[in-house]
Amino acid sequence: MAVSDHVDLPQFMAGLERRNPGETEFHQAVYEVASNVFEFISDKEIYHSLQILRRIAEPDRIIIFRVCWEDDQGNIRVNRGYRVQNNNSIGPYKGGLRFHPSVNLSILKFLAFEQTFKNSLTGLPLGGGKGGADFNPKGKSDNEVMRFCQSFMTELYRHVGDDIDVPAGDIGVGAREIGYLFGQYKRLTARFTGVLTGKAIDFGGSPIRTEATGYGTVYMMQDMLALRGEDLAGRTCLVSGAGNVAQYATAKLIELGGHVVTLSDSTGFIYDKDGIDAEKLAYVMDLKTVRRGALSAYAEEFGAEFHSGRTPWGVPCDLAFPCATQNEITTSDAEILINNGCIGVSEGANMPTEQDGISAFTDAEILFAPSKAANAGGVAVSGLEMSQNSTRRTWKAEELEVLLREIMTGIHERCVEHGRCPGTDYIDYVRGANIAGFVKVADSMIAYGVM
Ligand code: NDP
């Protein structure tokens, strides 16, 4: 078939939207990758004729199941559980579990698709998957969360395994949930294997895993700035979210001399002009991880501003780190950030910027690290947790931190290699990440033949 006979990007997207109706987040994630990949493969016939992108955008399989559990009042509750196994061309499926009322197939397909490219970018042998449930852990007792996790794993255990599919945490799934899930897997199978990552250190977890995503997001920014001969110290930073990624991004920024002035949660954001220091961050960690309270308590404790129901992007800053959830930076937020003098954005959350917002950032030539590169530190250390589990060893935190730093530098270099814009000094990290992530998966698929 001649190259000119192939479908073009609009035809490809029309077909994808027809086959996956109403899945707007999935369409958005595929479009972001496809727009770069189509350009890259325009003179590479084999990727067209073997329908590589079309195949990556069709998950290997999707498992959907009922999760039935009993609440503390003895009522029977029913949720829906999912696992999307997107692509295992370069390693076992790997990607987190999300427990949040907003979870649906579109969101999990977008996350599993993204994960495939992200995992490839790390340079580790990890395929892409994602899963979760429309269960809201908020307001539930520990016993209710335990019963839910046990029921969830009672179905999921048939589909996962240390060489098959290795889930981890994500929104609403932290150390507590991973403990309950791992306990139930062990009980059902009588096997102690590295089937989940993000475990506590006592039973096979890895040092630095908790910190890895947030730290990695900041390292990515550090590397982007360094390429321009600049650094982080003294920069005013906005962080959104107040969960795992936001907490450790803030910790690393504080360590490197950044001036972090915001955090947010699902109730609003806090603006602390004086900056969030280590002591205030410890308060946030306790508030969110132990007491599970709302951020307004921070404002009362430290005399900061609390803006109910709003996101922080209107606060003037040098650098922004969206670390809460998808599409939290709208196109108009992106324009406000640019107009307020923001010079760099590193995405800790998955796909936190709307498509046109990304274009606004790249058109303005500000440093922009997309999530599949910027937040890959978490899955990278999960990959190292799998290596430690299979050799029955625990490496030292210092060794792992060096490895994480090297992996993030490698990701930055791969983005630069494929993201240089001809005729300018500007690096399009979106294009760089998409193409670098694509090539390794695509070439493996070609090697396997048509399947
Ligand atoms: P957590 O559950 O620990 O924290 C999520 C934070 O975001 C909470 O502060 C939560 O508010 C807030 N939030 C969630 N949904 C919304 C919403 N719809 N509107 C406003 N705020 C919201 O999750 P993580 O920190 O683990 O994950 C954050 C992001 O990072 C997600 O996009 C996730 O996919 C991504 N990510 C996480 C990785 C990890 O290692 N944990 C790895 C790679 C990506 P509240 O406190 O009120 O619930």
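Small disclaimer: the values here were computed from a predicted structure and weren't measured. Ligands are counted one by one from 1 in listed order, and the atoms in each one are counted from 1 as well.
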Is Arg291 salt-bridged to Asp286, going by a charged N under 4.0 Å from an acidic O? yes
Residue, atom and distance of the protein heavy atom nearest atom 25 (O) of ligand 1 read Val245 N, 3.0 Å
Just need the protein heavy atom nearest to atom 9 (O) of ligand 1, so name the residue and atom and give the distance. Ala242 N, 3.0 Å
Closest heavy-atom approach to atom 28 (C) of ligand 1 among Gly243, Ala324, Ala349 is made by Ala324
Tell me: protein heavy atom nearest atom 48 (O) of ligand 1, and distance? Lys138 NZ, 2.9 Å
Output yes when Glu305 and Lys273 qualify as a salt bridge under the 4.0 Å nitrogen-oxygen rule, no when they do not. yes
Is any side-chain N of the basic residue among Glu70 and Arg147 closer than 4.0 Å to the acidic one's carboxylate O? no
Enumerated ligand 1 atoms positioned under 4.0 Å from heavy atoms of Lys288: 45 (P), 46 (O), 47 (O)
For atom 34 (O) of ligand 1, the protein heavy atom that lies nearest, with its residue and separation: Asp170 OD1, 2.5 Å
If you count the atoms of ligand 1 from 1 in the order shown, which ones are under 4.0 Å from a heavy atom of Asn375? 43 (C), 44 (C)
Give the residue and atom name of whichever protein heavy atom lies nearest to atom 17 (C) of ligand 1, and the separation in Å to one decimal. Thr325 CG2, 3.5 Å
Does Gln247 have a non-hydrogen atom less than 4.0 Å from ligand 1? no
Would you kindly say whether Lys199 and Asn389 are connected by a side-chain donor-acceptor distance under 3.5 Å? yes
Below 4.0 angstrom, N of the basic side chain to O of the carboxylate: do Arg414 and Glu417 qualify? no
Non-hydrogen side-chain atoms of Val30 and Ile56 separated by less than 4.5 Å: no
How far is atom 42 (C) of ligand 1 from its nearest protein heavy atom, and which residue and atom is that? Thr213 OG1, 3.4 Å
Could you tell me whether the side chain of Phe152 reaches within less than 4.5 Å of the side chain of Trp69, counting heavy atoms only? no
Less than 4.0 Å is my threshold; does some heavy atom of Gly169 fall inside it relative to ligand 1? no
Going by atom types alone, do Asn104 and Tyr82 pair a side-chain donor with an acceptor below 3.5 Å? no
Closest heavy-atom approach to atom 45 (P) of ligand 1 among Ser371, Gly377, Ser266 is made by Ser266
For atom 2 (O) of ligand 1, grab the closest protein heavy atom and report residue, atom and distance to one decimal in Å. Gly172 N, 3.2 Å
Are Val78 and Arg66 packed together at the side-chain level, in the sense that at least one heavy-atom pair is separated by less than 4.5 angstrom? yes
Shortest heavy-atom approach to atom 26 (O) of ligand 1 - which of Val284, Asn244, Leu287, Thr267: Asn244
Which residue and non-hydrogen atom of the protein lie closest to atom 32 (O) of ligand 1, and at what distance in Å? Asn350 N, 3.1 Å
Any salt bridge linking Asp72 with Lys140? Criterion: basic side-chain nitrogen under 4.0 Å from a carboxylate oxygen. no
Test of understanding: given a 4.0 Å heavy-atom threshold, classify the contact between Gln326 and ligand 1 as side chain, backbone, both, or neither. neither
